[in-house]
Amino acid sequence: MKKEVPIDQLVTEMIQHIKAITLVEAKNGVIPRFNQPKTIACLNAEFRVHDDIPDEFKQGIFATPKSYPAKIRFANATDHDDSKKDMRGFSIRLSDVEGPVLWGEQGYQDFILNSYPALFVATPEDFLSFIRARLKNRKLLFFLNPFDLHLKSLWIVFKARKKHFSLFDVRFWSTVPYRLGETGNLVVKYSVMPCSDYKTTAAVNPGVHQLREAKKEHLKQAPARFHFAVQKQLNSATMPIEDASVIWDESVSPFHIVATITIEDQDFDNPESLTNCENCSFNPWQSLAAHEPLGRMNEVRRSVYAEAAKFRTKEN
Ligand code: HEM
């Protein structure tokens with residue numbers, strides 16, 4: 001076991017490096033996000049909580065059947081060019097949410113998901129090592145450092161990066177766990193699963209913005225739909241909270257659908273919408289206590305996301 005670094009120390013060093021890295025990566029005076037910098041689209045959506053969900057999951061926003069207005073940001077993890085292999089991001093903010101939040105603005109609930117069920121690093125200490133390597137422009141050194149090898153991380157990155165025709169057909173996972181309910185000890189991960197009637201079977205206008213093009217084409221044909229589902233932690237050894245690189249086995253603990261997300265046709269490929277999308281931000285702690293982020297990885301994210309977003313939106 002590697003030594004744990006205090007959270008404050010991790011946060012301070014991460015923020016310092018993330019500011020330096022994103023400043024160098026700025027283009028046309030716009031500082032990008034440290035992660036998921038390429039905005040594919042920000043879309044308005046409806047998040048409808050089902051009425052037939054198991055009683056134990058009826059917590060927080062899932063407590064009663066209700067429709068929440070939502071905004072979703074779809075993004076590429078690294079590449080500006082949509083036609084390249086990459087990992088994708090799905091960040092959703094619900095509004096009209098009732099009750100006090102753990103951090104941020106009253107009335108909103110965020111969920112942040114990636115297109116692979118595990119993160120490429122296990123701990124925030126490893127994430128910091130990766131950030132240090134990225135600062136030196138030597139990412140490969142993080143994976144292949146003979147004194148601190150990260151071969152599992154390399155394998156996850158290899159598996160997670162994929163070519164996609166449309167992000168409306170891609171599945172996403174929270175990868176890290178959350179509490180469900182203010183009392184009791186229910187711990188869950190989330191997944192968003194595509195369930196549209198229409199499917200994109202080839203690249204639409206292949207090229208740099210093909211994923212944005214695919215969204216437009218899909219929405220012209222039919223609404224896009226996803227199921228929102230929760231997976232319960234059954235065993236703390238095989239489904240750990242503190243190792244973000246472990247996939248919780250779905251054959252042992254299947255996901256249960258609790259809500260449906262519907263995206264109707266809308267005009268989103270315009271400068272105003274894309275600029276608003278660039279300037280918006282999400283945070284796992286923008287959340288009701290009933291969906292509290294768990295684990296040290298999430299602990300670190302609270303201030304890192306807040307500071308990174310403040311830095312880039314202020315400078316921009
Ligand atoms: C210690 C761990 C992590 C650190 C330090 C970190 C850092 C960051 C930072 C600095 C941003 C940009 C925030 C902004 O400028 O608004 C970001 C965005 C993002 N991260 Fe993480 N991250 C971590 C873990 C994770 C995990 C576990 C996931 C799994 C889903 C994730 C998924 C995302 C996504 C999807 C975005 C884009 C959010 C948006 O659309 O604005 N990250 N991350």
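Treat the numbers as computed from the prediction; the structure is a model and nothing was measured.
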Item to check | Of all pairs that satisfy disulfide (SG to SG under 2.5 Å), the ones with a partner from residues 225-278, not counting sequence neighbours | outcome: Cys42-Cys277
Checklist entry - Looking only at atom types and distance, does a side-chain atom of Gln286 sit under 3.5 Å from a main-chain N or O of Tyr108, one as donor and one as acceptor? => result yes
Item to check | Backbone of Met239 reached by a side-chain donor or acceptor of Gln233 within 3.5 Å | outcome: yes
Checklist entry - Quick one: does Ser191's side chain have a donor or acceptor within less than 3.5 Å of a partner on Phe172's backbone? => result yes
Next on the checklist: Show, in sequence, the C-alpha distance, side-chain angles and deciding distance for Ser245 and Ile156, and conclude whether the side-chain contact (heavy atoms from CB on, under 4.5 Å) test is met.
Outcome noted: CA-CA 8 Å; Ser245 70; Ile156 291 175; 3.9 Å; yes
Next on the checklist: Quiz question: by atom type and distance under 3.5 Å, do the side chains of Ser166 and His218 form a donor-acceptor pair?
Outcome noted: no
Checklist entry - More than 12 foreign heavy atoms under 6.0 Å from CG of Asp52: is that the case here? => result yes
Checklist entry - Okay, side chain of Ser153, backbone of Phe120: is any donor-acceptor separation there less than 3.5 Å? => result yes
Checklist entry - Side chains of Val176 and Arg301: does their closest heavy-atom pair fall under 4.5 Å? => result yes
Checklist entry - Where do Ile263 and Arg225 land on the side-chain contact (heavy atoms from CB on, under 4.5 Å) test, with the steps shown first? => result CA-CA 6 Å; Ile263 306 168; Arg225 288 206 169 82; over 6 Å; no
Checklist entry - Considering all heavy atoms of both residues, which atom of Pro100 and which atom of Gln106 are nearest to each other, and what is their separation? => result CA-NE2, 3.3 Å
Checklist entry - Do you reckon Tyr178 sits in the same ILVMFWY cluster as Val192, going by side-chain contacts under 4.5 Å, direct or chained? => result yes
Side-chain donor-acceptor pairs of residues 23-31 under 3.5 Å, sequence neighbours excluded:
unit_1: Glu25; atom_1: OE1; unit_2: Arg134; atom_2: NH2; d: 3.2
unit_1: Glu25; atom_1: OE2; unit_2: Arg134; atom_2: NH2; d: 3.3

Item to check | ILVMFWY cluster, Ile92 and Leu219 together (side-chain gap under 4.5 Å) | outcome: yes
Next on the checklist: Can you tell me if Asn185 has over 12 outside heavy atoms packed within less than 6.0 Å of its CG?
Outcome noted: no
Item to check | Minimum side-chain heavy-atom gap Arg302-Glu299 below 4.5 Å | outcome: yes
Next on the checklist: Just checking Glu98: does its CD atom have more than 12 heavy atoms from other residues, nucleotides or ligands closer to it than 6.0 angstrom?
Outcome noted: no
Checklist entry - Which pair of non-hydrogen atoms, one from Leu113 and one from Ser174, has the smallest distance, and what is that distance? => result CD2-N, 3.6 Å
Next on the checklist: Can you pull out every salt bridge (charged side-chain N to carboxylate O under 4.0 Å, His left out) where at least one residue sits in residues 270-293? Sequence neighbours excluded, please.
Outcome noted: Arg179-Glu292
Checklist entry - What residues form a salt bridge (charged side-chain N to carboxylate O under 4.0 Å, His left out) with Asp148, not counting sequence neighbours? => result Lys2
Next on the checklist: Distance check, rounded to the nearest 0.5 Å: Ile7 atom CD1 versus Met14 atom CE?
Outcome noted: 8.5 Å
Item to check | Exceeds 12 heavy-atom contacts within 6.0 angstrom, atom OH of Tyr116 | outcome: yes
Next on the checklist: Is it the case that the side chain of Gln9 and the backbone of Pro6 share a donor-acceptor pair, with hydrogens and angles ignored and the cut-off at 3.5 Å?
Outcome noted: no
Checklist outcome for this item: Between Ser303 and Val11 the two heavy atoms that sit nearest each other are CB-CG1, 3.7 Å
Next on the checklist: Grouping I, L, V, M, F, W and Y whenever their side-chain heavy atoms are under 4.5 Å apart, do Leu144 and Leu135 come out in a common cluster?
Outcome noted: yes
Checklist entry - Are the side chain of Thr200 and the backbone of Ala202 linked by a donor-acceptor contact shorter than 3.5 Å? => result no
Checklist entry - Is Gln109 reaching over with its side chain to a backbone N or O of Leu288, donor-acceptor style, under 3.5 angstrom? => result yes
Checklist entry - Looking only at side chains, do Gln231 and Ser253 share a donor and an acceptor under 3.5 Å apart? => result no
Item to check | Qualifying residues under side chain to side chain contact (heavy atoms under 4.5 Å, CB included), relative to Thr12, sequence neighbours excluded | outcome: none
Next on the checklist: A side-chain contact here means heavy atoms from C-beta on lying under 4.5 Å apart; do Val300 and Tyr305 qualify?
Outcome noted: no
Checklist entry - With a 3.5 Å cut-off and no angle check, do the side chains of His209 and Lys38 form a donor-acceptor pair? => result yes
Checklist entry - Shortest non-hydrogen contact from Asp86 to Asp79? => result OD2-N, 2.7 Å
Checklist entry - Between Phe111 and Tyr190, what is the ring plane arrangement, given parallel below 30°, perpendicular above 60°, and tilted in between? => result perpendicular
Item to check | Shortest non-hydrogen contact from Gln210 toward Asp82 | outcome: N-OD2, 3.4 Å
Item to check | Side-chain touch Val5/Leu128, heavy atoms, less than 4.5 angstrom | outcome: no
Checklist entry - Considering only heavy atoms from C-beta outward, does the side chain of Phe226 approach that of Phe168 to under 4.5 Å? => result yes
Checklist entry - Do Lys216 and Asp269 come within less than 4.5 Å of each other through their side chains, counting heavy atoms only? => result yes
Next on the checklist: So does Ser281 get a backbone contact from the side chain of Arg93, meaning a donor-acceptor N/O pair under 3.5 Å?
Outcome noted: yes
Item to check | Passing option when His150 is tested against Phe143, Phe127, Trp155, Phe142 for ring pair (Phe, Tyr, Trp, His ring centres under 6.0 Å) | outcome: Phe142
Checklist entry - Are Arg161 and Thr78 close enough, and set up right, to give a side-chain contact (heavy atoms from CB on, under 4.5 Å), and what steps lead you there? => result CA-CA 10 Å; Arg161 289 163 53 83; Thr78 52; 3.6 Å; yes
Item to check | Step-by-step side chain to side chain donor-acceptor pair (under 3.5 Å) determination, Ser67 to Glu46 | outcome: CA-CA 6 Å; Ser67 277; Glu46 181 209 33; 2.8 Å; yes
Checklist entry - Which pair of non-hydrogen atoms, one from Ile247 and one from Ala118, has the smallest distance, and what is that distance? => result CG1-CB, 3.6 Å
Checklist entry - With hydrophobic residues grouped by side-chain heavy-atom distances under 4.5 Å, do Leu10 and Trp103 end up in a single group? => result no
Checklist entry - Looking just at side-chain N and O atoms, do Gln36 and Asn114 make a donor-acceptor pair shorter than 3.5 Å? => result yes
Checklist entry - Heavy atoms, side chains only, cut-off 4.5 Å: are Lys232 and Val187 in contact? => result no
Item to check | Sequence neighbours excluded, every pair satisfying ring pair (Phe, Tyr, Trp, His ring centres under 6.0 Å) that has a member inside residues 24-47 | outcome: Phe47-Phe228
Next on the checklist: Please check: side-chain N/O of Asp110 versus main-chain N/O of Phe282, any donor-acceptor pairing under 3.5 Å?
Outcome noted: no
Item to check | CA sep, side-chain torsions, deciding dist, call: Thr313, Asn279, side chain to side chain donor-acceptor pair (under 3.5 Å) | outcome: CA-CA 6 Å; Thr313 49; Asn279 292 334; over 6 Å; no
Checklist entry - Are Gln221 and Glu217 linked by a side-chain donor-acceptor pair shorter than 3.5 Å? => result yes
Next on the checklist: Using side-chain heavy atoms (C-beta onward) and a distance below 4.5 Å, is Lys162 in contact with Met87?
Outcome noted: no
Item to check | Step-by-step side-chain contact (heavy atoms from CB on, under 4.5 Å) determination, Thr39 to Arg73 | outcome: CA-CA 7 Å; Thr39 291; Arg73 178 174 180 265; 3.0 Å; yes
Checklist entry - Any chain of hydrophobic side-chain contacts (each under 4.5 Å) joining Phe130 to Leu149? => result yes
Checklist entry - For Phe57, does its backbone N or O pair with a side-chain atom of His256 as donor and acceptor, under 3.5 Å? => result no
Checklist entry - Charged N to carboxylate O under 4.0 angstrom, Glu13 versus Arg132? => result yes
Checklist entry - Does a donor on one side chain and an acceptor on the other come within less than 3.5 Å for Asn76 and Arg88? => result yes
